[in-house]
There are 2 protein chains.
Amino acid sequence: MPPIFTVDPRSGVPIYLQITEQVKRSVAVGVLTPGEQLPTVKQLAADLVINANTVARAYRELERDRVIETTPGRGSFIASNGSVAGAKRAVADVVDQALVAAVREARSMGLGRGDLKDLFERSLDRWYPHDNASEENAAS
Amino acid sequence: MPPIFTVDPRSGVPIYLQITEQVKRSVAVGVLTPGEQLPTVKQLAADLVINANTVARAYRELERDRVIETTPGRGSFIASNGSVAGAKRAVADVVDQALVAAVREARSMGLGRGDLKDLFERSLDRWYPHDNASEENAAS
DNA sequence: GCTATTGTACTAATTAACTAGTACGCTAGC
DNA sequence: GCTAGCGTACTAGTTAATTAGTACAATAGC
C-alpha cells in the first residue's frame, strides 16, 4: 500500500479539502513526484472509509488546479508538465486573488500599510501555528 | 429618518454582515461619531424590511467588537471610549475578515508560510506604492 | 468484441448557516 | 406600580454545502 492520506470527518474541515491539501502539500514538498500515480478513487475511498464521490471531488479540484491529470479508465497522476514549480504557481495564483481583494479593501478604507502588515502577521500566526504544533484548535 | 443603511438579500453576503460592515465603515470614515445613537433594532428592521432578529445579531456582533454599546431599554450607541482608536479597530476588523479568508485559502492549498508572506508583500507593493516603505527586499 | 478497472453523473440524505416569528426581560418616564 | 419602548431568548422554516448511494461512460488488456 503506497502512501495513504488521513482524514478527520469531525475536524469541521470538509473531507475533500483535507485530501486536496495533503496532495498539494505532498507535491510541493516532493513526496509525490510528477507522473506518479495516485490511489484510485475507489481505493482511497475504501482506505479512508468514505464515499468514492468525495475522493472524486477532491481529484476534480486538483485537476482544475492543474496539480494532477486524470483519465477515466487509467487513473490519476501527478501533473507531469507543470512539475513542482507549476503546482506551486497554480496554488499561488488562486491565493493571490484573495490577497489582492483583502489589500484593496484595506486601502479603500484608509488603512495604512503598516497597520495592514500588522494585521496580516496576526492572521498568519493564527493559521500557521509556530513551530510544529500539529494540534488543531477550534478557533473561538 | 437620518442615515439609513441598505442591504441586498440576494447578494449572497449575509444580511447581518452587510449591516456590521456598513456601520464599521461609517465609524471609520466619521459618518457615525462616538455617542451617536443608531436606529433601534425594530426601526432598522422595519426600514430594511427584514426581521428584527437579524438586526439584533448585527448589533450583537458590533458590541462584541466594541464598536457600539447597547443596553436593553435604552438603545445602541457608537462606543464612546474608543473614539479614533475604536474606529481604527473597527476598520481593522473588516479588513481582517478578508485577510483571514486569504490565509485560509493559502493554507488549505498547502502553501507554506514563507511563500504566503512573499505573495502578500507583492500585493502590498502593488497597491501601496513605495513611498516611505522601509527596505525589506532581502532575506526576511 | 468482452470484461475488468477507472473516473463520472445523477440523486438523495445529512448538516450547518441564516433568517424570520413570537414571547419575554430590562430601562425610562408617568 | 404601570405603561411604552428597546434589546434578547427561544423556536421554526429556508437555503446551501457536504457527503453518500447507485448507475453509467471511458480506457486497457484479453
Side-chain angles (χ1 to χ4, degrees), chain A residues 1-2 5-21 23 35-79 138-140, chain B residues 1-2 5-23 35-79 97 100-101 104-105 108:
Chain A
M1 298 295 238
F5 306 114
T6 60
V7 293
D8 178 10
R10 292 171 303 176
S11 71
V13 181
I15 297 177
Y16 78 96
L17 276 183
Q18 296 184 42
I19 296 176
T20 59
E21 174 179 342
V23 171
E36 191 168 351
Q37 180 168 18
L38 289 167
T40 72
V41 164
K42 283 165 185 169
Q43 181 63 53
L44 186 54
D47 288 349
L48 301 178
V49 197
I50 58 178
N51 191 276
N53 249 325
T54 304
V55 178
R57 176 170 184 180
Y59 281 14
R60 203 178 317 131
E61 301 261 329
L62 287 169
E63 180 159 41
R64 178 176 58 77
D65 295 340
R66 303 283 193 277
V67 176
I68 71 177
E69 289 173 353
T70 171
T71 329
R74 291 195 63 238
S76 300
F77 305 82
I78 303 297
S140 67
Chain B
M1 289 326 250
F5 306 114
T6 60
V7 293
D8 178 11
R10 292 171 302 178
S11 72
V13 181
I15 297 178
Y16 79 96
L17 276 184
Q18 297 184 40
I19 297 175
T20 58
E21 182 167 324
Q22 287 181 65
V23 171
E36 190 170 351
Q37 180 167 18
L38 288 167
T40 72
V41 163
K42 283 165 186 169
Q43 182 62 53
L44 186 54
D47 288 349
L48 302 179
V49 196
I50 59 179
N51 192 276
N53 249 325
T54 303
V55 178
R57 177 169 182 180
Y59 281 14
R60 203 179 314 131
E61 300 261 328
L62 287 169
E63 178 158 43
R64 179 177 57 77
D65 296 341
R66 303 284 192 276
V67 175
I68 70 177
E69 289 172 352
T70 170
T71 329
R74 291 197 62 238
S76 300
F77 305 82
I78 303 297
Q97 301 281 333
V100 166
R104 278 191 60 188
E105 176 76 14
S108 81

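Using modelled atom types, one finds no donor on one side chain facing an acceptor on the other under 3.5 Å when comparing Q37(A) with S76(A).
Atom CG in N53(B) sits about 13 Å away from atom C1' in dC6(D), given to the nearest Å. Between the CG atom of L48(A) and the P atom of dT19(D) there is a distance of 12 Å, rounded to whole Å. K42(B) places its NZ atom 14 Å from the P atom of dG25(C), with the value rounded to the nearest Å. Rounded to whole Å, the distance from CG on N51(A) to P on dT22(D) is 10 Å. Whole-Å rounding puts the R60(A) CZ to dT6(C) P distance at 18 Å. The interatomic distance linking L17(A) (CG) with dA17(D) (C1') rounds to 11 Å, in whole Å. Here dT27(C) presents its P atom at 13 Å from CZ of F77(B), a figure rounded to the nearest Å. Rounded to an integer number of Å, the gap from CZ of R74(B) to C1' of dG5(D) is 13 Å.
Residue T70(A) places its side chain closer to dG7(C) than to any other of dT19(D), dT19(C), dG7(C).
Map T54(A) and P72(A) each onto its nearest nucleotide of DNA chain D; the residue landing nearer the 5' end is T54(A). Each of V41(B) and Y16(A) was assigned the nucleotide of DNA chain D with the nearest heavy atom; the assignment lying further toward the 5' end belongs to V41(B).
Here the closest heavy-atom approach between residue V7(B) and residue Q22(B) is recorded as CG1-NE2, 4.4 Å.
Counting heavy atoms from C-beta outward, F77(A) and T70(A) have side chains that stay 4.5 Å or more apart. Looking at T54(A) and N51(A), their side chains come closer than 4.5 Å, going by heavy atoms from C-beta outward.
Taking only side-chain nitrogens and oxygens, T40(A) never comes nearer than 4.0 Å to OP1 or OP2 of dT5(C). The phosphate of dC6(D) (OP1 or OP2) has no side-chain N or O of T71(B) nearer than 4.0 angstrom.
Using a 4.0 Å heavy-atom cutoff across all strands shown, R57(A) reaches at least one base atom of the nucleic acid.
For the pair E61(A) and R64(A), the salt-bridge criterion is met [side-chain N within less than 4.0 Å of a carboxylate O].
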